[in-house]
Amino acid sequence: MVVVSGQLEDRGTTDDAMSSSDAEDELIEPATPTPTNAVFSLQDKVHPLQLPEVIPLNVGGMGFTTRLSTLLRYEDTMLAAMFSGRHYVPTDAEGRYFIDRDGTYFGDILNFLRCGDLPPQERVKMVYKEAQYYSIGPLLDILDKMQPLTGEKVRQAFLDLMPYYKDHLERIIDIGKHRAIQRKARFAKLKVCVFKEEMPITPYECPQFNALRFERSESESKLFEHHCEVDVSFGPWEAVADVYDLLHCIVTDLSERGIAVEHQCIGVCDKHLINHYYCKRPIYEFKITWW
């Protein structure tokens with residue numbers, strides 16, 4: 001009886017201990033994490049970097065020095081984000097903060113952030129690209145209204161009338177390169193047709209032709225459709241800008257790609273179409289010099 005009673009007491013004690021342990025486990029079981037708790041825990045662990053008031057910079061190998069407040073002038077910029085203290089910014093061997101970007105126009109960026117100074121006209125295009133990279137909205141808004149960017153927008157509005165313009169420009173380059181290589185020559189010549197009007201008219205025929213053009217049926221109009229015997233053809237378009245304006249665009253765009261080109265009018269197509277109508281589209285000879 002004593003043994004049995006002892007065993008029962010031991011069991012009771014064990015059961016009580018287990019019950020007590022279970023109860024404690026229930027009390028100390030961690031609660032399910034909530035987003036709020038997670039935010040607080042992250043905020044407790046993350047501390048903004050303490051940056052000096054004067055910031056030494058290495059931008060693509062070029063050294064600059066500026067105040068931290070200058071870099072933080074506009075909140076929604078890449079520079080303000082980089083030097084907010086929330087991000088790690090690498091340093092070079094001299095302890096300067098490193099930005100892996102060509103620093104040629106970074107001085108113009110700093111001058112605007114410091115006191116609102118704008119670049120001279122010949123640097124506007126390149127500074128605009130840097131302002132895009134650093135996401136400096138106020139500078140972009142101002143440069144967008146300056147020459148040559150404003151003029152480029154007007155020019156592009158004209159070129160948008162010819163969706164094939166860039167493709168034809170590439171064709172001029174490809175043909176010119178192929179002919180120069182084939183002939184082992186320093187330069188190559190191409191025939192390019194640039195015409196504004198779809199119909200074959202001359203300035204002298206224009207008044208009479210304009211009176212008749214809207215009376216033509218679709219089948220009759222097709223009689224005037226043809227392809228001049230040239231390498232590349234630009235046109236037609238409906239705008240105030242004329243043939244010489246488009247020629248200027250072609251030469252300018254080729255020159256910006258480092259291609260030296262000369263052009264001269266060598267006549268008109270003069271192909272007979274129907275009745276007394278002949279093609280009067282002007283033909284230009286383009287000479288591309290490769291070296």
Side-chain angles (χ1 to χ4, degrees), residues 122 124-126 128-130 132-133 140 143-144 147-202 213 216 218-219 221-273 277-291:
E122 62 271 15
V124 166
K125 275 190 175 182
M126 297 308 299
Y128 186 85
K129 291 182 179 180
E130 296 305 298
Q132 286 180 314
Y133 177 79
L140 289 172
L143 295 180
D144 207 33
Q147 285 286 56
L149 295 180
T150 300
E152 180 60 27
K153 282 189 173 183
V154 175
R155 189 182 84 111
Q156 192 57 50
F158 164 55
L159 294 179
D160 286 344
L161 297 175
M162 291 161 282
Y164 53 80
Y165 175 78
K166 290 184 178 180
D167 293 336
H168 284 14
L169 212 62
E170 293 297 329
R171 182 168 172 79
I172 289 176
I173 297 173
D174 291 341
I175 294 175
K177 181 176 67 174
H178 176 74
R179 286 184 181 171
I181 293 175
Q182 187 179 41
R183 300 174 183 178
K184 310 297 186 294
R186 181 184 176 189
F187 60 87
K189 294 182 178 180
L190 300 81
K191 288 184 178 180
V192 179
C193 177
V194 181
F195 65 99
K196 179 178 179 180
E197 300 289 345
E198 178 65 55
M199 297 299 183
I201 59 175
T202 65
R213 63 185 305 176
R216 298 182 185 278
E218 183 177 351
S219 59
S221 297
K222 288 184 178 180
L223 296 174
F224 292 89
E225 295 178 2
H226 78 289
H227 298 283
C228 302
E229 297 180 0
V230 295
D231 298 300
V232 183
S233 184
F234 292 86
W237 66 86
E238 293 183 6
V240 175
D242 60 19
V243 169
Y244 299 103
D245 295 320
L246 183 57
L247 286 170
H248 181 273
C249 291
I250 296 172
V251 173
T252 299
D253 290 336
L254 290 175
S255 298
E256 286 188 354
R257 300 180 60 170
I259 299 175
V261 58
E262 302 173 10
H263 69 278
Q264 63 176 347
C265 183
I266 58 174
V268 295
C269 177
D270 208 28
K271 180 179 179 180
H272 179 256
L273 300 177
Y277 287 108
Y278 292 79
C279 177
K280 299 299 181 181
R281 296 172 182 173
I283 307 297
Y284 294 85
E285 181 183 75
F286 274 56
K287 179 182 177 182
I288 298 177
T289 302
W290 291 106
W291 86 85

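Computed from a predicted structure; not experimentally measured.
- Taking all atoms of both residues into account, the shortest heavy-atom contact from Phe286 to Leu247 is CZ-CD2, 3.9 Å.
- In this structure the side chain of Lys191 reaches within 4.5 angstrom of the side chain of Ile266, judged on heavy atoms.
- Across all non-hydrogen atoms, the minimal contact from Gln147 to Val124 is O-CG2, 3.8 Å.
- Of all heavy-atom pairs spanning Lys153 and Asp144, the tightest one is NZ-OD2, 2.6 Å.
- Annotation: Gln156, atom CD; neighbour count of heavy atoms from other residues, nucleotides and ligands within 6.0 Å is above 12.
- The shortest heavy-atom contact between Cys269 and Ile283 is N-CG1, 3.8 Å.
- Remark: the backbone N or O of Ala188 is not paired with any side-chain donor or acceptor of Lys177 at under 3.5 angstrom.
- Remark: Tyr128 OH to Leu149 CG distance equals 6.5 Å, nearest 0.5 Å.
- Annotation: side chain of Val192 is not in contact with side chain of His263 (no heavy-atom distance under 4.5 Å).
- Of all heavy-atom pairs between Phe234 and Val232, the closest is CE1-CG1, 3.6 Å.
- Atom CZ in Phe158 sits 8.5 Å away from atom OH in Tyr165 (nearest 0.5 Å).
- Checking each of Leu159, Asp253, Ile259 against Leu169 for a side chain to side chain contact (heavy atoms under 4.5 Å, CB included) leaves exactly one that passes, namely Asp253.
- Interatomic distance, CD1 of Ile172 versus CG of Asp167, reported as 11.5 Å (0.5 Å rounding).
- Between Phe187 and Val261, the closest side-chain pair of non-hydrogen atoms is not below 4.5 Å.
- One distance of note links CG of Asp245 with NZ of Lys196; it measures 8.5 Å at 0.5 Å rounding.
- Considering only heavy atoms from C-beta on, Phe195 stays 4.5 Å or farther from Cys228 through its side chain.
- Looking at heavy atoms from C-beta onward, Val230 lies out of side-chain contact with Arg281 at the 4.5 angstrom threshold.
- Summarising the geometry, atom CE belonging to Met162 is positioned 4.5 Å from atom CG belonging to Leu246; distances are rounded to the nearest 0.5 Å.
- Proximity of Val194 to Tyr244: side-chain heavy atoms (C-beta onward) are nowhere separated by under 4.5 Å.
- No side-chain heavy atom of Trp290 sits less than 4.5 Å from a side-chain heavy atom of Arg186.
- A donor-acceptor pair under 3.5 Å is absent between the side-chain atoms of Tyr284 and the main chain of Leu190, judged by distance alone.
- Two residues are said to be in side-chain contact when any heavy atoms from C-beta on lie closer than 4.5 Å; Leu161 and Glu238 fail this criterion.
- With rounding to the nearest 0.5 Å, the separation of CD in Glu262 from CD1 in Ile288 is 11.0 Å.
- Partner of Asp231 under the side-chain hydrogen bond (donor to acceptor under 3.5 Å, both in side chains) criterion, chosen from Arg179, His168, Arg171: Arg179.
- A distance-only check finds no donor-acceptor pair linking the side chain of Glu170 to the backbone of Asp174 [under 3.5 Å].
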